[in-house]
Amino acid sequence: MCGIVGMVAREPVNQALYDALMVLQHRGQDAAGIVTCDGNRVYLRKDRGLVRDVFQAHHMLNLPGNVGVGHCRYPTAGCTTSAEAQPFYVNSPYGIILAHNGNLTNVEDLKRELFAEDLRHINTDSDSEVLLNVFAHELAAQGGPRLQPADIFHAVSRVHTRCTGGYAVVAMIVGHGLVAFRDPHAIRPIVYGTRQTPAGVEYMVASESVALDVLGFELAGSIRPGEAIYVTDEGEFHSAQCAEASSYAPCIFEFVYLARPDSIIDDVSVHKARLRMGTRLAKKILREWGTDHGIDVVIPIPDSSRTAALPLAYELGVKYREGFVKNRYIGRTFIMPGQKQRKKSVRQKLNAIDLEFRGKTVLLVDDSIVRGTTSKQIIQMARDAGARKVYFASAAPPVRCPNVYGIDMPTAHELIAHGRSEQEVGVAINADRIIFQDLADLEAAVRKGNDNLGHFDSSVFDGDYITGDVDEAYLLRLGLMRSDGAKAQRADAPGDVLELHNAS
């Protein structure tokens with residue numbers, strides 16, 4: 001889960017890219033980067049940290065040009081060093097800059113191919129650098145000093161043939177233009193839009209439509225599964241279907257938690273999808289607990305569960321109250337890189353309003369339960385605030401399986417619902433009662449916004465990996481590489497031997 005953005009404009013794009021990354025900051029808080037192109041010169045600034053910290057005024061002055069790419073990073077593959085901040089750059093052919101959201105499932109095979117057959121060197125552990133080099137190799141195979149749209153689309157089709165996994169990509173080819181494409185299952189989101197100016201039409205691509213909104217771009221739509229778009233430096237727009245077999249299977253967790261509620265992804269309003277999740281969950285509570293459920297008040301765990309909690313309270317006919325005050329200067333707990341850091345941040349992030357809890361049977365509503373650490377601490381906070389009983393409702397089904405397409409749910413044993421029944425999860429987090437959304441209801445809540453979404457990547461709930469190349473051996477290797485313990489070891493390791501200098 002990262003944030004990506006690209007622009008072809010009629011004026012300098014540095015400030016617009018910065019503003020877009022600020023809006024997409026929720027998608028990644030580990031590192032940020034911007035690359036712009038002015039003529040045939042490329043200008044780069046990237047580093048560890050939040051967008052506001054990575055870019056100061058003097059950095060912005062050193063990012064000229066009307067074409068550019070930006071990225072905010074959330075680490076799932078690789079490690080958390082500045083060398084793995086994106087975008088990545090290769091100088092051959094033409095000079096290509098690429099930013100990527102997602103995760104490749106055949107990255108080890110690709111690394112071997114790139115070294116043995118394509119004669120390319122990979123300098124980091126990031127699969128984004130692998131994807132960049134695959135694209136660069138396929139583009140070089142087209143030949144010729146001046147690329148045609150057909151050449152670019154053929155290279156993208158070769159990327160789809162060689163790469164498996166979930167990926168949304170924006171790339172800049174120096175002296176040519178901006179390319180954006182999406183994997184054949186459309187697992188990770190990417191949208192594009194236009195803005196009319198006196199000088200002509202400007203184009204923008206981004207992970208979520210909210211980034212287009214704040215910059216005054218009109219949403220044209222999501223890039224379709226296996227589709228690529230190409231916008232030349234002069235503003236000529238081209239698109240093509242580049243995958244022979246493609247079908248929608250977007251990541252449903254985007255709608256549960258990852259995306260902002262004011263975004264539209266694949267023609268579905270995230271806000272409305274979450275409203276429907278709350279309504280369907282309330283109906284399940286009434287079916288299973290009856291009208292004598294005993295709930296005095298519904299309290300959301302801010303922020304992403306608010307939208308679902310409102311209609312849930314309405315359907316149950318009970319009061320909705322804000323019982324937790326959130327510290328706006330603490331990052332999203334889910335995307336913090338280690339369990340120790342997540343545990344430490346919960347009490348710093350939330351504080352309970354005692355009078356909303358004292359003597360009441362409280363139903364806490366959250367978007368999901370992943371590791372369970374946060375949920376358990378919040379339930380204890382509710383008890384400390386005087387709640388008589390604490391019930392817990394999840395707007396999503398139990399998360400039982402690792403995610404392999406770009407979300408940090410890497411190992412099954414770190415997921416509280418893995419190997420446990422729903423009631424056993426309730427006991428583990430110290431809830432008096434617990435209820436989860438049914439997967440069919442969750443998918444129906446999202447699908448109602450777009451009937452073309454016949455399938456979803458719901459692998460974290462049902463273990464059905466849409467790319468068909470994920471087995472137990474793969475998950476075991478992934479777990480050994482990406483567990484919290486493995487991340488801690490990498491964090492303590494010495495710095496990178498080689499790192500290309502960026503603008504400072």
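Hydrogens, waters and symmetry mates play no part in the numbers below; they use all other heavy atoms, side chains included.
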Is it the case that the side chain of [X] and the backbone of [Y] share a donor-acceptor pair, with hydrogens and angles ignored and the cut-off at 3.5 Å?
{"X": "Asp127", "Y": "Leu104", "result": "yes"}
{"X": "Glu129", "Y": "Thr124", "result": "yes"}
{"X": "Arg182", "Y": "Ile223", "result": "yes"}
{"X": "Asp213", "Y": "Phe217", "result": "no"}
{"X": "Tyr405", "Y": "Tyr167", "result": "no"}
{"X": "Asn403", "Y": "Gly406", "result": "yes"}
{"X": "Asn106", "Y": "Asp109", "result": "no"}
{"X": "Ser305", "Y": "Ile301", "result": "yes"}
{"X": "Ser222", "Y": "Arg224", "result": "no"}
{"X": "Glu84", "Y": "Asp125", "result": "yes"}

Next on the checklist: What verdict does the side chain to side chain contact (heavy atoms under 4.5 Å, CB included) test give for Phe153 and Gln241, after you've listed the backbone C-alpha separation in whole Å, the side-chain angles of each residue and the deciding distance to 0.1 Å?
Outcome noted: CA-CA 8 Å; Phe153 293 140; Gln241 177 55 242; over 6 Å; no
In plain terms, say whether [X] and [Y] are close enough for a salt bridge, that is, a side-chain N and a carboxylate O under 4.0 Å apart.
{"X": "Glu202", "Y": "Arg195", "answer": "yes"}
{"X": "Arg27", "Y": "Glu254", "answer": "yes"}
{"X": "Asp438", "Y": "Lys283", "answer": "no"}
{"X": "Glu113", "Y": "Arg162", "answer": "yes"}

Item to check | Audit row: Val365, Ile299, side chain to side chain contact (heavy atoms under 4.5 Å, CB included) steps and yes/no | outcome: CA-CA 6 Å; Val365 181; Ile299 295 179; over 6 Å; no
Heavy-atom closest contact ([X] atom, [Y] atom, distance):
{"X": "Cys401", "Y": "Asp462", "answer": "SG-C, 4.3 Å"}
{"X": "Pro184", "Y": "His160", "answer": "CD-ND1, 3.7 Å"}
{"X": "Ser207", "Y": "Cys2", "answer": "OG-O, 3.6 Å"}
{"X": "Pro402", "Y": "Leu415", "answer": "N-CD1, 3.8 Å"}
{"X": "His26", "Y": "Met1", "answer": "O-CE, 3.7 Å"}
{"X": "Leu275", "Y": "Thr307", "answer": "CD2-O, 3.4 Å"}

Checklist entry - Who are the side chain to side chain contact (heavy atoms under 4.5 Å, CB included) partners of Pro302, not counting sequence neighbours? => result Arg306, Phe324, Lys326, Leu350
Checklist entry - Who are the side chain to side chain contact (heavy atoms under 4.5 Å, CB included) partners of Glu443, not counting sequence neighbours? => result Ile252, Leu439, Arg447, Phe456, Ser458
Next on the checklist: What I want to check is whether the side chains of Thr411 and Glu414 have a donor and an acceptor closer together than 3.5 Å.
Outcome noted: yes
Next on the checklist: What I want to check is whether the side chains of His293 and Glu288 have a donor and an acceptor closer together than 3.5 Å.
Outcome noted: no
What's the separation between atom [atom1] in [X] and atom [atom2] in [Y], rounded to the nearest 0.5 Å?
{"X": "Asp464", "Y": "Asp457", "atom1": "CG", "atom2": "CG", "value": "8.5 Å"}
{"X": "Ser269", "Y": "Lys448", "atom1": "OG", "atom2": "NZ", "value": "12.5 Å"}
{"X": "Tyr230", "Y": "Glu236", "atom1": "OH", "atom2": "CD", "value": "8.0 Å"}
{"X": "Leu212", "Y": "Thr194", "atom1": "CG", "atom2": "OG1", "value": "8.5 Å"}
{"X": "Leu24", "Y": "Cys72", "atom1": "CG", "atom2": "SG", "value": "5.5 Å"}
{"X": "Asn450", "Y": "Asp266", "atom1": "CG", "atom2": "CG", "value": "7.0 Å"}

Taking the side chain as everything from C-beta on, heavy atoms only, tell me whether [X] gets closer than 4.5 Å to [Y].
{"X": "Val5", "Y": "Val69", "result": "no"}
{"X": "Ile229", "Y": "Val205", "result": "yes"}
{"X": "Arg371", "Y": "Ile416", "result": "no"}
{"X": "Arg477", "Y": "Leu480", "result": "no"}
{"X": "Lys349", "Y": "Ile378", "result": "no"}
{"X": "Asp19", "Y": "Val214", "result": "no"}
{"X": "Gln86", "Y": "Lys46", "result": "no"}
{"X": "Val297", "Y": "Val318", "result": "no"}

Next on the checklist: For Ser304 and Asp367: C-alpha separation, side-chain torsions, deciding distance, then whether side-chain hydrogen bond (donor to acceptor under 3.5 Å, both in side chains) applies.
Outcome noted: CA-CA 6 Å; Ser304 49; Asp367 52 78; 2.5 Å; yes
Next on the checklist: Going by side chain to side chain contact (heavy atoms under 4.5 Å, CB included), Phe392 matches just one of Leu363, Ile369, Val362. Which one?
Outcome noted: Ile369
More than 12 heavy atoms of other residues, nucleotides or ligands under 6.0 Å from [atom1] of [X]: is that the case?
{"X": "Lys111", "atom1": "NZ", "answer": "yes"}
{"X": "Phe237", "atom1": "CZ", "answer": "yes"}
{"X": "Glu218", "atom1": "CD", "answer": "no"}
{"X": "Arg10", "atom1": "CZ", "answer": "yes"}

Item to check | Derivation of the side-chain hydrogen bond (donor to acceptor under 3.5 Å, both in side chains) call for Thr105 and Thr164 | outcome: CA-CA 6 Å; Thr105 53; Thr164 58; 2.9 Å; yes
Item to check | Derivation of the side chain to side chain contact (heavy atoms under 4.5 Å, CB included) call for Arg276 and Val446 | outcome: CA-CA 8 Å; Arg276 293 189 288 265; Val446 178; 5.9 Å; no
Item to check | Between Tyr203 and Tyr192, ring centroids under 6.0 Å | outcome: no
Checklist entry - What do the steps show when you test Tyr391 against Leu364 for side chain to side chain contact (heavy atoms under 4.5 Å, CB included), and what is the final call? => result CA-CA 6 Å; Tyr391 298 164; Leu364 300 181; over 6 Å; no
Item to check | side-chain hydrogen bond (donor to acceptor under 3.5 Å, both in side chains) partners of residues 243-252, not counting sequence neighbours, each pair once | outcome: none
